[in-house]
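Ligands are counted one by one from 1 in listed order, and the atoms in each one are counted from 1 as well.
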Amino acid sequence: MSRMRIDNVDIKEADIFEILLDNFPDMIHSIDDDGKIVYTNLTAEKLLGYKREELLGMNIRQIYAPEVLKAVEKGFTDLKKRGDKTVESLLCAKDGTRIPVEIRSFSIYDDTGRFLRTFSILRDIRPIKELQQSLVHAGRLAAIGELASGVAHDINNPLTVILLSNEMLVRHLEALASSSKELERVINYAKDIQRASHSIQKLADHLRSFSRGMVEKAEPLDLYASINDAIFITKSKITKTGTIVNNHTEPGKYFVCACPNNIEQVFVNIIGNACDAMEGREKRQLDISISPAERKGVKMWKCDITDTGTGIPPQIREEIFQSFFTTKEKGKGTGLGLSISRAIVRDHKGEIELVSEMGKGSTFSVLLPSIEPPK
Ligand code: ADP
């Protein structure tokens with residue numbers, strides 16, 4: 001064993017590696033063919049709350065959250081075959097705390113190619129997740145502001161109907177001379193009031209559900225509903241810019257497993273941007289369609305949102321997805337919409353693709369893994 005001297009202290013090289021690994025900010029472990037932990041560093045103790053002696057000998061499956069065990073099993077099998085892998089997963093500490101982690105793993109083999117061990121570096125990504133959540137929240141707040149002014153505008157029409165119908169109702173009630181014709185008219189006014197009130201209720205409901213908590217559960221979701229809700233929310237922008245929307249989607253076909261409010265937010269951002277890009281242009285047309293697609297062997301639904309706007313210069317096509325990148329004037333753009341949208345879609349194991357032609361327009365495609373329609 002080679003030795004070196006540090007400050008006149010004789011240290012074995014192996015100790016130096018041990019010190020380095022123990023002070024590494026990420027958790028490191030090595031596991032054998034059965035998943036038994038055969039090495040772990042000090043960071044793992046701190047992160048998981050187990051003593052190193054406890055961890056050594058434990059099975060890797062015991063430190064993961066139960067809901068990710070199936071994925072862990074598959075990941076472990078793949079890793080043994082393929083050699084290296086980077087995934088996100090969820091650990092479960094001794095006290096039950098859930099810790100989201102990014103795991104980089106690789107396997108080593110003997111001369112005959114027989115699997116020996118895996119080594120993994122696990123980074124605690126709670127700070128990143130929290131930042132992502134606050135970005136989602138910030139974007140949501142910006143969208144709510146826009147939505148609220150739209151709601152104020154949209155509430156005006158049904159409110160005018162309510163007020164007018166009410167006035168007529170009072171007048172006719174006063175003139176009600178027990179004639180059945182008069183009665184029929186009164187009933188019709190009452191129905192108008194009912195319809196207009198429902199319209200207000202729907203707007204208010206939307207505002208409430210859109211601004212509700214950020215942490216949502218993924219559930220089977222028909223993208224048709226998300227698209228229609230997003231069109232509903234962006235209605236005032238669509239009307240203001242005089243955009244014609246051709247929605248080619250149909251209900252009951254495009255199911256994904258997703259958080260409804262988050263996906264709706266993605267479509268709200270993309271449709272809102274498309275309207276902005278078409279403002280003042282001669283042709284203002286938004287085409288929305290959904291078709292099946294496949295990426296890396298995964299079956300997806302691909303939702304294309306095509307505008308006839310300015311187009312996006314090739315040199316900024318990647319930049320527009322970065323936080324705080326905006327070409328809009330002060331007070332109009334936050335530069336958060338697309339970065340948040342991409343984070344949301346990637347969180348759902350999907351992707352946003354972009355095709356754009358200067359002077360002609362752009363297509364933003366939201367790809368999400370498809371699921372079977374719920375029974
Ligand atoms: P913001 O809308 O606040 O600027 P985004 O992240 O949503 O932030 O968009 C970033 C930039 O991407 C916009 O400022 C705009 O320059 C560009 N962009 C997004 N969508 C389109 C589009 N459909 N057509 C042209 N440019 C677009």
Side-chain angles (χ1 to χ4, degrees), residues 131-150 210-211 214 226-227 229-231 233-249 261-290 302-348 350-367:
L131 187 68
Q132 217 175 52
Q133 289 293 348
S134 44
L135 276 177
V136 169
H137 190 52
R140 203 164 202 87
L141 288 180
I144 287 169
E146 222 172 285
L147 175 67
S149 74
F210 191 72
S211 53
M214 314 151 296
S226 311
I227 286 287
D229 286 347
I231 293 174
I233 284 184
T234 44
K235 212 173 95 203
S236 72
K237 201 170 211 177
I238 291 171
T239 315
K240 203 178 95 197
T241 49
T243 300
I244 294 166
V245 179
N246 297 321
N247 181 2
H248 308 282
T249 61
N261 279 335
N262 284 356
I263 299 302
E264 186 180 313
Q265 187 176 353
V266 171
F267 290 134
V268 166
N269 287 336
I270 294 176
I271 294 173
N273 278 341
C275 290
D276 287 340
M278 291 191 285
E279 197 166 10
R281 287 176 66 81
E282 201 179 324
K283 193 175 174 197
R284 297 178 300 279
Q285 191 176 312
L286 193 68
D287 280 275
I288 305 175
S289 58
I290 303 182
K302 179 168 173 276
C303 180
D304 295 331
I305 300 170
T306 303
D307 63 58
T308 54
T310 51
I312 300 167
Q315 63 274 20
I316 64 162
R317 282 184 199 157
E318 195 38 49
E319 261 177 289
I320 58 168
F321 289 98
Q322 281 165 18
S323 303
F324 307 113
F325 178 89
T326 181
T327 56
K328 294 176 191 170
E329 59 189 78
K330 229 175 170 190
K332 277 204 160 174
T334 57
L336 287 172
L338 286 178
S339 65
I340 291 167
S341 300
R342 180 143 91 174
I344 291 174
V345 173
R346 286 190 173 167
D347 241 17
H348 287 81
E351 194 48 89
I352 299 182
E353 293 175 353
L354 166 64
V355 177
S356 186
E357 197 177 331
M358 289 307 291
K360 279 210 152 169
S362 313
T363 299
F364 281 83
S365 304
V366 176
L367 286 122

Undergrad: Between the candidates Ser339, Ser356, Ala277, which shows the shortest non-hydrogen contact distance to atom 24 (N) of ligand 1?
TA: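 Among Ser339, Ser356, Ala277, the closest heavy atom to atom 24 (N) of ligand 1 comes from Ala277.
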
Undergrad: Quick one: does Asp229's side chain get under 4.5 Å of Ile233's, heavy atoms only?
TA: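 The answer is no, as the side chains (C-beta and beyond) never meet within the 4.5 Å cut-off.
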
Undergrad: Would you check if Ile231 and Ile288 make a side-chain contact, meaning some heavy-atom pair closer than 4.5 Å?
TA: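 Yes, their side chains come closer than 4.5 Å.
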
Undergrad: How far is atom 7 (O) of ligand 1 from the closest protein heavy atom, and which atom is that?
TA: Asn273 ND2, 2.8 Å

Undergrad: Can you list the ligand 1 atoms lying under 4.0 Å from a non-hydrogen atom of Gly333?
TA: 3 (O)

Undergrad: Can you name the closest pair of heavy atoms from Ser362 and Gly311 and give their distance?
TA: OG-CA, 3.6 Å

Undergrad: Minimum heavy-atom separation for Ser339 and Gln322, please, with both atom names.
TA: CB-C, 3.8 Å

Undergrad: Any atoms of ligand 1 less than 4.0 Å from a non-hydrogen atom of Gly337? List them with their elements.
TA: 5 (P), 6 (O), 7 (O), 8 (O)

Undergrad: Any heavy atom of Gly335 closer to ligand 1 than 4.0 angstrom?
TA: yes

Undergrad: Measure from atom 23 (N) of ligand 1 to every heavy atom in Asp307, Ile340, Leu336, Thr363 and give the option owning the shortest one.
TA: Asp307

Undergrad: With the threshold set at under 4.0 angstrom, would you say Asn269 reaches ligand 1 through any of its heavy atoms?
TA: no

Undergrad: Step through the shown structure and confirm whether more than 12 heavy atoms of other residues, nucleotides or ligands are within 6.0 Å of NZ on Lys328.
TA: yes

Undergrad: Report yes if some heavy atom in the side chain of Asn246 is under 4.5 Å from a heavy atom in the side chain of Ile244; otherwise report no.
TA: yes

Undergrad: If you measure from each non-hydrogen atom of Ile312 to ligand 1, which part falls under 4.0 Å: side chain, backbone, both or neither?
TA: side chain

Undergrad: So do the side chains of Met358 and Pro313 get within less than 4.5 Å of each other, counting heavy atoms only?
TA: yes

Undergrad: Does Leu131 have more than 12 heavy atoms from other residues, nucleotides or ligands lying within 6.0 Å of its CG?
TA: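 Yes - once you tally the heavy atoms of other residues, nucleotides and ligands closer than 6.0 Å, there are more than 12.
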
Undergrad: Within the structure provided, determine whether Phe364 and Ile312 are in side-chain contact (heavy-atom separation under 4.5 Å).
TA: yes

Undergrad: What atoms in ligand 1 come closer than 4.0 Å to a heavy atom of Thr326?
TA: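 Near Thr326, the atoms of ligand 1 are 1 (P), 4 (O), 14 (O).
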
Undergrad: Got the closest protein heavy atom to atom 10 (C) of ligand 1, with its distance?
TA: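 Checked against all protein heavy atoms, atom 10 (C) of ligand 1 sits closest to Phe325 O, 3.3 Å.
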
Undergrad: So is Phe321 touching ligand 1 or not, going by heavy atoms under 4.0 Å?
TA: no

Undergrad: Numbering the atoms of ligand 1 from 1, which are under 4.0 Å from a heavy atom of Thr327?
TA: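 Matching atoms, with element in brackets: 13 (C), 14 (O), 15 (C), 16 (O).
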
Undergrad: Are the side chains of Thr241 and Arg281 in touch, meaning some heavy atoms are under 4.5 Å apart?
TA: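 No - every pair of side-chain heavy atoms lies 4.5 Å or more apart.
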
Undergrad: To which of Leu338, Thr308, Leu286 does the heavy atom nearest atom 5 (P) of ligand 1 belong?
TA: Leu338

Undergrad: Any atoms of ligand 1 less than 4.0 Å from a non-hydrogen atom of Ile320? List them with their elements.
TA: 6 (O), 10 (C), 11 (C), 12 (O), 17 (C)

Undergrad: What residue and heavy atom of the protein are closest to atom 2 (O) of ligand 1, and at what distance?
TA: Lys328 NZ, 2.6 Å

